[in-house]
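Since the structure comes first, as structure tokens, the remarks are kept for the end.
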Amino acid sequence: MFIKKGAHVLGYGMLALSYWYWFRLQGGKRWLAWILALLYAFTDELHQSFVPGRHASIWDVLIFDNFGALISLWLGGKWRRVNRD
């Protein structure tokens, strides 16, 4: 279970950073990158509800995917500030 939930955190963290990079790392666009990552997480869980043998979990979106996106964007913002100076 630790590996599966850790994959959620890591995967959606990388997705959020990719969205933010797409916005050219503009500080004010981090919230939009976070929203897009969560929307993708929601649609992914919705898709899983139609796949035999899988089940959708809103908790994956609200806890693990959300946490991964938020932490990666927070750390990315800190890294950007440190390396800009």
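If you're wondering where the values come from, they're calculated on a predicted model, not measured in any experiment.
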**Fill in**
With sequence neighbours left out, the residues meeting side-chain contact (heavy atoms from CB on, under 4.5 Å) with K78 are W74, R81

Could you go through residues 34-50 and list every donor-acceptor pair under 3.5 Å that involves a side-chain atom there, pairing it with any protein atom two or more places apart or in another chain?
unit_1, atom_1, unit_2, atom_2, d
W34, NE1, N66, OD1, 2.7
T43, OG1, L39, O, 3.4
T43, OG1, Y40, O, 2.9
D44, OD2, Y12, OH, 3.3
E45, OE1, S57, N, 2.8
Q48, OE1, R54, NH2, 3.3
S49, OG, L46, O, 2.5

**Prompt:** Which heavy atom in A16 sits nearest to a heavy atom in A33, and how many Å separate them?
**Reply:** O-CB, 3.5 Å

**Asked** Which other residues belong to the hydrophobic cluster containing W79, where Ile, Leu, Val, Met, Phe, Trp and Tyr are joined when side-chain heavy atoms lie under 4.5 Å apart, directly or via other members?
**Response** none

**Asked** Which ILVMFWY residues are connected to L10, directly or by a chain of links, through side-chain heavy atoms under 4.5 Å apart?
**Response** M14

Please list, one pair per line, the donor and acceptor atoms closer than 3.5 Å that link side chains of residues 19-32 to other protein atoms, with sequence neighbours excluded.
unit_1, atom_1, unit_2, atom_2, d
W20, NE1, Q26, O, 2.7
R30, NH1, L73, O, 3.2
W31, NE1, G28, O, 2.6

**Prompt:** Can you name the side chain to side chain donor-acceptor pair (under 3.5 Å) partners of K5, sequence neighbours left out?
**Reply:** D60

**Request:** Not counting sequence neighbours, which residues clear side-chain contact (heavy atoms from CB on, under 4.5 Å) with L75? List them please.
**Result:** I71

